[in-house]
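A short worksheet on the structure shown next.
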Amino acid sequence: METETILMEHSDTIRTDRFDIRHTFESGQPLTFHADYTESGPSRNLSYATGRGRISVASKGNRLSYDYIGDYSASSARNEVVRRFALADDIQAIYAGINTDPFMDSAIRSFNGMRITENDPWEATLCFIISQFNNIKRIRLITRKLIERFGETYGYDNKELKLFPSASAIADASLEDIKVCGTGFRAEYIKSAATACTNSLDLQSLYPMDYEPAKSALMELDGVGDKVADCILLFGYRKMEAFPIDTWIKRVMETVYFKGRKKTIKELHRFAERRWEPEMLGYAQQYLFHNARSLKVGR
DNA sequence: ACCCAGGCGGGCG
DNA sequence: CGCCCGCATGGG
């Protein structure tokens, strides 16, 4: 029974250490934009569409159980969960490395167990093209509409299962159909990037590449600039040298590290690269970001 | 009503 | 290189 197709639901469990499903879900990662999250008492549940099925994880304390539906074998489903939630990361070592000041210390204490998830590169690309000049609530609205409209449909227990839409499905869609999902001026970017990822750019080929050349390749895509490329590299490829600087990161760094003085994106990148280890920059950014948003720094 | 949102592309000096 | 501008849309 290698590749079970749908209609059969399977489950398994994994022991985890310092994994907080809620902080991970709420911290502005691709799962924030499309997953379903519920809480009941001590148990937290996260359910999301992938390109080939649907995964549902539930955590109670240090036990994580998961169900899967779709084109998964037992081992590929387990691999998906372990990778998606970065369960192999040595989070203690990361905390020791990035805890350089009181603000970081408070971020680590407030959001202990927040992981940087690993998402499919196309999934990350689509989510973060949508994210530009936008807010998290609306990014979520748009992403879910795209899944609903363009995700492949499977029947499942008298219900419907929507997969995360492939690049080719979006490439084949009309601009109007993409706009109906609320994408606005980003519709052209989305269609163009989807077409490129279907025809000319093989996103899989970026995995073995170094950070800089991979970033250059991504920035060839329409609608992908410095910040979105860093997000794709971090949340899609887990290249930890990536340090996406958005309005929140800019404000919080100016406030915490520069006494409120204005700094350029370039200066902030340089500062981060001197302050934190390259293999931990992504985590440093994520804890800064979520703490800043939570405290509304500068708002 | 008005303002803003995990930025980017294009045009300018 | 830096700066400035417009950009669709929905929620506060």
Side-chain angles (χ1 to χ4, degrees), chain A residues 23-35 107 111 114-117 119 123-146 148-149 173-197 215-237 239 242-256 261-270 272 281-299:
Chain A
H23 296 330
T24 301
F25 168 68
E26 290 178 344
S27 57
Q29 307 188 217
L31 289 173
T32 308
F33 306 142
H34 67 89
F111 302 111
M114 175 173 68
R115 307 275 176 143
I116 295 211
T117 60
N119 303 270
E123 188 179 317
T125 300
L126 180 58
C127 286
F128 286 104
I129 286 176
I130 295 166
S131 79
Q132 65 174 87
F133 195 47
N134 216 338
N135 60 60
I136 287 183
K137 182 157 291 196
R138 231 174 67 80
I139 299 165
R140 180 175 166 85
L141 180 70
I142 293 168
T143 307
R144 291 170 67 100
K145 281 184 179 171
L146 289 171
E148 191 55 38
R149 179 167 285 255
S174 74
L175 214 48
E176 267 316 303
D177 283 347
I178 295 172
K179 283 183 177 170
V180 165
C181 299
T183 51
F185 66 90
R186 307 168 195 81
E188 285 85 354
Y189 297 157
I190 291 169
K191 185 168 168 66
S192 168
T195 303
C197 290
K215 185 168 181 174
S216 300
L218 287 171
M219 286 177 67
E220 293 298 310
L221 292 171
D222 223 0
V224 178
D226 178 77
K227 188 269 178 183
V228 169
D230 272 335
C231 283
I232 299 168
L233 291 167
L234 182 58
F235 299 110
Y237 298 91
K239 293 192 186 294
F243 187 89
I245 299 180
D246 73 321
T247 53
W248 285 103
I249 291 291
K250 185 170 188 300
R251 268 200 307 268
V252 73
M253 288 182 75
E254 286 167 348
T255 302
V256 173
R261 296 198 312 277
K262 292 297 178 190
K263 292 288 160 184
T264 65
I265 301 288
K266 199 171 218 178
E267 287 173 317
L268 296 176
H269 273 301
R270 260 201 300 275
L281 274 169
Y283 265 100
Q285 181 274 161
Q286 193 62 13
Y287 277 81
L288 279 179
F289 173 77
H290 201 39
N291 205 32
R293 261 174 53 83
S294 152
L295 299 172
K296 301 183 189 303
V297 175
R299 291 288 80 179

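Letters A, B, ... mirror the listed sequences (proteins, then strands); counts begin at 1.
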**Message:** Using a heavy-atom cut-off of 4.0 Å across all strands, would you classify K266(A) as base, sugar-phosphate, or nothing?
**Reply:** sugar-phosphate
**Fill in**
Expected string for nucleotides 2-8 of chain B under the B/S/- scheme (protein heavy atoms, under 4.0 Å, primed atoms plus P, OP1, OP2 as sugar-phosphate) is --SBBBS
**Message:** Looking at K179(A) and E188(A), is there a salt bridge between them, counting it only when a charged N and a carboxylate O are closer than 4.0 Å?
**Reply:** yes
[X]: what forms a salt bridge (Lys or Arg N to Asp or Glu O under 4.0 Å) with it, not counting sequence neighbours?
| X | value |
| --- | --- |
| R149(A) | D177(A) |
| K266(A) | none |
| E254(A) | K250(A), K262(A) |

Extract all donor-acceptor atom pairs below 3.5 Å that involve side chains of residues 216-226 of chain A and protein atoms in other chains or at least two apart in sequence.
| from | atom 1 | to | atom 2 | distance (Å) |
| --- | --- | --- | --- | --- |
| S216(A) | OG | E212(A) | O | 3.2 |
| D222(A) | OD2 | S192(A) | OG | 3.4 |
| D226(A) | OD1 | K215(A) | NZ | 2.8 |
| D226(A) | OD2 | H269(A) | NE2 | 3.4 |

**Prompt:** Which two nucleotides bound the region of DNA chain C that has atoms under 4.0 Å from heavy atoms of chain A, read 5' to 3'?
**Reply:** dC1(C) to dG12(C)
Sticking with atom [atom1], work out how far [N] lies from [M], rounded to a whole angstrom.
| N | M | atom1 | answer |
| --- | --- | --- | --- |
| dA8(C) | dG11(B) | P | 15 Å |
| dG6(B) | dC5(C) | P | 22 Å |
| dC3(B) | dG6(C) | P | 15 Å |
| dA1(B) | dG10(C) | C1' | 15 Å |

**Message:** Considering only residues two or more places apart or on different chains, which pairs with a residue in residues 289-299 of chain A satisfy side-chain hydrogen bond (donor to acceptor under 3.5 Å, both in side chains)?
**Reply:** S106(A)-N291(A)
**Asked** Which pairs with one or both residues in residues 123-133 of chain A pass side-chain hydrogen bond (donor to acceptor under 3.5 Å, both in side chains), sequence neighbours excluded?
**Response** H34(A)-E123(A), R84(A)-E123(A)
Show which side-chain atoms of residues 281-288 of chain A pair as donor or acceptor with protein atoms under 3.5 Å away, not counting sequence neighbours.
| from | atom 1 | to | atom 2 | distance (Å) |
| --- | --- | --- | --- | --- |
| Y283(A) | OH | D89(A) | OD2 | 2.8 |
| Y283(A) | OH | I116(A) | N | 3.1 |
| Q286(A) | NE2 | S27(A) | O | 2.7 |
| Q286(A) | NE2 | S27(A) | OG | 3.3 |
| Y287(A) | OH | Y95(A) | OH | 2.6 |
| Y287(A) | OH | F111(A) | O | 3.3 |
| Y287(A) | OH | M114(A) | N | 3.2 |
| Y287(A) | OH | M114(A) | O | 2.6 |

**Prompt:** Under the salt bridge (Lys or Arg N to Asp or Glu O under 4.0 Å) rule, what pairs show up with a residue in residues 129-146 of chain A, not counting sequence neighbours?
**Reply:** D36(A)-R144(A)
**Asked** Reading DNA chain B 5' to 3', how would its secondary structure be written in dot-bracket notation, given Watson-Crick and G-U pairs with both distances under 3.5 Å, brackets [ ] for crossing pairs and | for partners on other strands?
**Response** .||||.|||||||
**Message:** Tell me the interatomic distance from K191(A), atom NZ, to dG9(B), atom P, rounded to whole angstroms.
**Reply:** 19 Å
**Request:** Please list, chain by chain and in numerical order, all residues satisfying side-chain contact (heavy atoms from CB on, under 4.5 Å) with E267(A), sequence neighbours excluded.
**Result:** K263(A), T264(A), R270(A)
**Prompt:** With ring centroids as reference points, do F33(A) and F128(A) lie under 6.0 angstrom apart?
**Reply:** yes
